[in-house]
Amino acid sequence: MNSLKIIINAAVALVLLCSCNAGGATAAFSGGDTVKLEHAQLLHIIKHKGYTVVTIDDPWNKGKTLHTYVLVPDGMKSPVEKDDIGGNTTLVSIPLKRAVITTSVHCGLVMNLGKDDAIRGTCDLNYINIPWIKQQHSIGKIADCGNSTTPTLEKIISINADAVLISPFQNSGGYGRLDEWGNPIIEMADYMETSPLGRAEWMKFYGLLFGAEKEADSLFNKVEKNYNDLKAIAGKSSTRLSMIIDKVEGPVWYVPGGRSTIGQMIADANAGYAFSDDKSSGSLQLTFETILAKAGNADVWLYRYSPPATASYTSLLSEHHGYAQFKAFKERNVYACNTLATTFYEDTPFRPDMLLRDFIIITHPDLKNLGKPKYFTKLR
């Protein structure tokens, strides 16, 4: 064994030893070149000669690591043998060429990075609002791999997938039979970031996975500039309307926590928000009565829906007569987003600048030069 291999093996062994700590992997690879991430808090990328180490902090257990990935370009010698890797560390040969992507959000991103051909399987096809994906399914080019929480292992094996990209959940207990597969499971924890640009910056990780590093860097720089320019424009507006999000579902009305990505986006839009002081990074589960008492005087109301429901004041009242008590309803300042007729879910997680623009246009009517909203339409 030559001295270079000894050094690389020692470095990787050290990261495996330190993977129980959120910052341990970063410290262990201090000799490499750290990719500076301006916004993402859960993601750490360190480049070495011949491989890259990506560490994801556990968003539910502070001080621990969710997963560590050792990315090795196809055809290059791995710094470690696959059988020598244990725990939450996975060796990944890049670029991925036959991936199963379980969410429409990440399908949209990979396509925006120009790597359409690497998508060989998806999940929850009924919830994917991308015509090309559906067309590729219809001709057998992209496989339907079942449910996104428990993809069908037999289908994944049959298409010879080289990785599955899946969203992790707290206390999920693993991925069922998928854990027996042996190929990489990429845990996409970007949705747990607490800032819009923090989540968007994860595209740099996905760019590395799919051989689109330059494309990802270029796209993020564009998103970041657009977002910050829009934020600055909103900060100079002479108006500042307040807003409320979505509507009651059964006994619960889910609204963004004050420290969630949407909560932060509302703040960046310089809009008023009744729950801005809340410290939650996820959604708040509140009753209709609580929302009415705390946010009933919001100037504008934005909600998402999918057919067969029709977006109208009449349809809102048919769902809940109490909506008539909201100021935005009374003053006819309600905006709806048809999630089946738009690419809201496919775009906005990694293009927060687009959604921020909608928020600013709606809550700052004095800003006439921004045009019309892309996703939300005012009810008539």
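What you see below is based on every heavy atom in this structure, not just the backbone, and it leaves out hydrogens, waters and symmetry mates.
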Looking at [atom1] of [X] and [atom2] of [Y], how far apart are the two atoms once the value is rounded to the nearest 0.5 Å?
X    : Y    : atom1 : atom2 : value
N226 : R351 : CG    : CZ    : 6.0 Å
L125 : S148 : CG    : OG    : 12.0 Å
Y175 : D179 : OH    : CG    : 8.0 Å
Y51  : I46  : OH    : CD1   : 9.5 Å

Just to verify, what does [X] make a salt bridge (charged side-chain N to carboxylate O under 4.0 Å, His left out) with, not counting sequence neighbours?
X    : result
K36  : E38
D74  : K97
R120 : none
E180 : none

[X] with [Y]: basic N within carboxylate O range, under 4.0 Å:
X    : Y    : answer
K327 : D299 : yes
R199 : D190 : yes
R357 : D353 : no

- Message: Would you say that H106 contacts M188 through its side chain, given a criterion of any heavy-atom pair below 4.5 Å between the two side chains?
- Response: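 Yes, side chains in contact.
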- Would a 4.5 Å heavy-atom cut-off, applied to side chains only, mark H44 and V53 as touching?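 A side-chain contact under 4.5 Å is absent here.
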- Message: Could you go through K231 and D268, starting from their C-alpha distance and side-chain angles, then the distance that decides it, and tell me whether this counts as salt bridge (Lys or Arg N to Asp or Glu O under 4.0 Å)?
- Response: CA-CA 6 Å; K231 180 180 176 180; D268 291 340; 3.5 Å; yes
Backbone N or O of [Y] within a donor-acceptor pair of the [X] side chain at under 3.5 Å?
X    : Y    : value
Y191 : P168 : yes
T290 : L286 : no
E201 : A40  : yes
E249 : Y254 : no

- Task: Indicate the ring-plane relationship of W253 and Y323, choosing parallel, tilted or perpendicular according to the 30° and 60° boundaries.
- Result: perpendicular
- Item | Cation over ring face, R332 and Y313, 6.0 Å, 45° |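 Checked: cation-pi criterion met.
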- Item | side-chain contact (heavy atoms from CB on, under 4.5 Å), paired with F275, selected from I245, L284, I266 |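 The side-chain contact (heavy atoms from CB on, under 4.5 Å) with F275 is passed solely by L284 among I245, L284, I266.
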- Message: Does N147, at its CG atom, have more than 12 non-hydrogen atoms belonging to other residues, nucleotides or ligands within less than 6.0 Å?
- Response: yes
- Message: Atom NZ of residue position K134 - does it have more than 12 heavy atoms of other residues, nucleotides or ligands inside 6.0 Å?
- Response: yes
Residues 207-218 side chain polar contacts: donor-acceptor under 3.5 Å, at least two apart:
residue, atom, partner, partner atom, Å
E213, OE1, K47, NZ, 3.3
E213, OE2, K47, NZ, 2.2

- Message: Please tell me whether Y335 and W301 form a close aromatic pair, meaning their ring centres lie under 6.0 Å apart.
- Response: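 No, the ring centres sit 6.0 Å or more apart.
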- Query: With a 6.0 Å cut-off on ring centres, are Y69 and H67 close enough?
  - Reply: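 Ring centres of H67 and Y69 closer than 6.0 Å.
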Residues 367-380 side chain polar contacts: donor-acceptor under 3.5 Å, at least two apart:
residue, atom, partner, partner atom, Å
K368, NZ, P365, O, 3.1
Y375, OH, D347, OD2, 2.9
K378, NZ, N333, OD1, 3.2

